[in-house]
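Below: the structure, in structure tokens.
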Amino acid sequence: MIEQPKTEREYNGSKGPFEAKLEGLEDGYRVTVRGNKEKIQQQRQVKLSFIDFLRKADVAGYPILFPFNLLLRFFSGYKKPNI
């Protein structure tokens, strides 16, 4: 039987029609988002498209402005999720 990780901290919040829960576990974090599945998927696709645009602009040599270069650096360590 799989043992559930111990939750050390928990934060619940909501923004519009979405509810989010952030749990601080012993060995990391868990984020749970509840809401309309289609709408969440559409928003993820838009965000991934924007990050992809920033990557391609960086490869092409265009200067990336301050807040966007931080986003690019942050997401460069993540793989593209399956949608």
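These numbers come from a predicted model, not from an experiment. Along the sequence shown, residues are numbered consecutively beginning with 1.
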Given Arg30, which of Glu8, Glu23, Glu10 fulfils the salt bridge (Lys or Arg N to Asp or Glu O under 4.0 Å) condition?
Glu23
How long is the straight-line distance from CZ of Arg73 back to CG of Leu54, given to the nearest 0.5 Å?
12.5 Å
Please check if Val33 and Tyr29 belong to a single hydrophobic cluster, counting links between Ile, Leu, Val, Met, Phe, Trp and Tyr side chain heavy atoms closer than 4.5 Å.
yes
So, do Val59 and Arg55 sit near enough that their side-chain heavy atoms are less than 4.5 Å apart?
no
CG of Leu72 to CG of Asp52: how many Å apart, nearest 0.5 Å?
10.5 Å
Starting at NZ of Lys21, measure out to OG1 of Thr7 and round the result to the nearest 0.5 Å.
7.0 Å
Are Phe68 and Phe53 joined in one hydrophobic group, where the rule is that I, L, V, M, F, W and Y side chains link up if heavy atoms are under 4.5 Å apart?
yes
Are Ile40 and Leu22 co-members of a hydrophobic cluster defined by side-chain heavy atoms under 4.5 Å apart?
yes
When clusters are formed by joining ILVMFWY residues with side-chain heavy atoms under 4.5 Å apart, either directly or through shared neighbours, do Val31 and Leu25 land in the same one?
no
Hey, any chance Tyr62 and Leu70 share a hydrophobic cluster, counting ILVMFWY side chains that come within less than 4.5 Å of each other, even indirectly?
no
Can you establish whether the number of heavy atoms outside Phe18 located under 6.0 Å from its atom CZ is more than 12?
yes
